[in-house]
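First listed ligand is number 1; within each ligand, the first listed atom is number 1. These numbers were taken from a predicted model, which means no experiment stands behind them. Worth knowing before you read on, the calculation uses all heavy atoms, side chains too, and leaves out hydrogens, waters and symmetry mates.
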Amino acid sequence: MSTATPRPLAVSSRGPLKGRVTVPGDKSISHRSLMFSALAVGESRIEGLLEGEDVLATAAAMRAMGATITRGDDGVWTVSGVGVGGLLQPEQALDMGNSGTSTRLLMGLVASHPITVTFTGDASLSSRPMGRAIEPLSQMGAEITSSPGGRLPLMLKGISPAVPITYTLPVASAQVKSAVLLAGLNTPGITRVIEPVPTRDHSERMLKGFGAELTVEDGPEGKIISIRGEAELKPQHIIVPGDPSSAGFWMVAASIVPGSDITIANVCMNPTRTGLIKALRMMGASIEAVDSREVGGEPVADLRVRHAPLKAIEVPPELAPSMIDEYPILFVAASVAEGRTVARGAHELRVKESDRIATMRAALEANGVVLEEFEDGLAITGTGGAPIPGGGAAVSKLDHRIAMSMTVAGLAAAAPIAIDDVAPVQTSYPAFFTVLDSLTA
Ligand code: S3P
């Protein structure tokens with residue numbers, strides 16, 4: 001995990017992408033499937049779980065706190081939960097690897113249990129701000145000692161009973177929202193989160209599915225999400241839909257490499273996750289949703305994507321929460337569009353697995369892309385359909401989405417792009433390069 005050996009890779013153009021791909025299970029839903037199943041009383045089954053390092057870190061943590069989690073030969077995972085309130089004191093620090101979602105959501109869970117947990121992570125995770133989760137969880141009564149700047153390693157001493165709060169999110173963050181709701185699960189009374197800007201709602205959908213009493217209303221300041229604590233969660237059979245963030249790499253690759261025509265099967269189309277599709281369609285991309293259906297309480301579709309000339313746009317800032325993980329790959333699309341694409345209002349990119357504004361600026365600029373950096377985004381002048389010059393280096397900074405985005409950039413480059421390390425791809429999409437080979441065979 002945090003000790004992976006760097007894997008350099010030079011990527012050059014390979015011709016059109018053709019064929020069909022099924023992307024792995026959604027990362028956000030996979031984390032939550034394991035956590036909620038581990039808190040249910042009885043045995044849950046999970047199909048289509050993403051088996052990337054981030055999700056495996058969550059599985060290891062839930063095991064360390066008492067859940068029994070096994071993977072069958074058929075790829076179906078079985079979880080025997082301890083019940084809300086039943087988490088056990090882990091014997092060692094929990095290593096969260098590269099995973100911000102594991103860390104912030106588990107901080108929430110632990111906050112209302114009478115246990116003390118130390119969270120550690122790799123260099124990337126240890127540089128990310130945890131103050132946004134520390135603040136509300138402290139209000140609920142947890143005692144948290146962090147490293148300077150509210151970073152990992154940190155020690156969290158939970159409390160039971162915790163104090164229910166009403167918390168207005170100061171940043172648009174599904175992780176912070178979920179941390180408070182999960183702390184609320186084992187807190188007497190009603191815990192409320194007010195969300196001025198909507199973010200991914202998987203926690204809300206899934207907690208309801210597990211039988212928690214959770215309501216969502218519109219209020220003057222935004223959505224009011226209320227959860228009644230001391231809940232009893234019932235075990236579930238979960239089918240995890242495909243990850244739209246992983247699908248995004250193939251959507252852009254097929255859109256920018258001439259002659260491409262692919263189908264991406266089983267993509268989660270939850271409206272809080274489809275910002276990239278909207279932005280690409282505004283740019284002129286050919287993305288057709290076929291066989292729209294519902295899987296495990298989430299809308300799902302197959303996407304047929306064909307090469308199309310892209311035009312620059314001003315990316316509407318209000319799309320940011322629904323495509324926050326997709327900006328790096330959108331920047332690649334903008335690099336071959338005609339005109340100057342401006343993507344601003346995405347300040348949160350500064351605190352992801354890397355500073356994704358600075359990391360993508362450096363990687364694209366080193367490969368001949370013309371751009372301008374702002375505090376909250378980038379403006380990129382595209383080639384108008386011609387290849388990106390390429391021939392430069394790209395530093396992935398322990399960030400899976402940078403490694404995959406720059407791989408896609410390499411497919412549309414005149415000279416190879418030398419990525420220093422693609423090992424981080426293991427955190428969210430272990431089969432990424434195998435799929436790339438199959439689509440370009
Ligand atoms: C996630 C929320 C987002 C996203 C992350 C997954 C989640 O983070 O970037 O990859 O599963 O709740 P923020 O809450 O920091 O926006």
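Using a 4.0 Å cut-off between charged side-chain N and carboxylate O, D355 and K397 make no salt bridge.
Identified under the ring pair (Phe, Tyr, Trp, His ring centres under 6.0 Å) test for residues 174-215, with sequence neighbours left out: F36-F210.
Side-chain contact, H237 with E47: a donor N or O sits under 3.5 Å from an acceptor N or O. T103 and R128 are not linked by any side-chain donor-acceptor pair at a separation below 3.5 angstrom, with hydrogens and angles left out of the test.
Residue H31 places every heavy atom at 4.0 Å or more from ligand 1.
A cation-pi contact, defined as under 6.0 Å to the ring centre and within 45° of the axis, links R7 to F433.
Which of R32, K177, H202, R104 comes nearest to atom 12 (O) of ligand 1 through a heavy atom is settled by distance: it is R32.
Of the N or O atoms in D325, one or more lie within a sub-3.5 Å distance of an N or O in ligand 1. Looking at ligand 1, you won't find any N or O of R200 less than 3.5 Å from one of its N or O atoms. Considering backbone and side-chain N/O of S28, one or more are found under 3.5 Å from N/O of ligand 1. Every N/O-N/O distance between R128 and ligand 1 stays at or above 3.5 Å.
Proximity to S173 (heavy-atom distance under 4.0 Å) selects the following atoms of ligand 1: 13 (P), 14 (O), 15 (O), 16 (O). Remark: ligand 1 atoms within the under-4.0 Å shell around heavy atoms of I324 are 9 (O).
Heavy atoms from other residues, nucleotides or ligands lying under 6.0 Å from NZ of K278 number more than 12.
Regarding atom 8 (O) of ligand 1, its nearest protein heavy-atom neighbour is K352 NZ, 3.2 Å.
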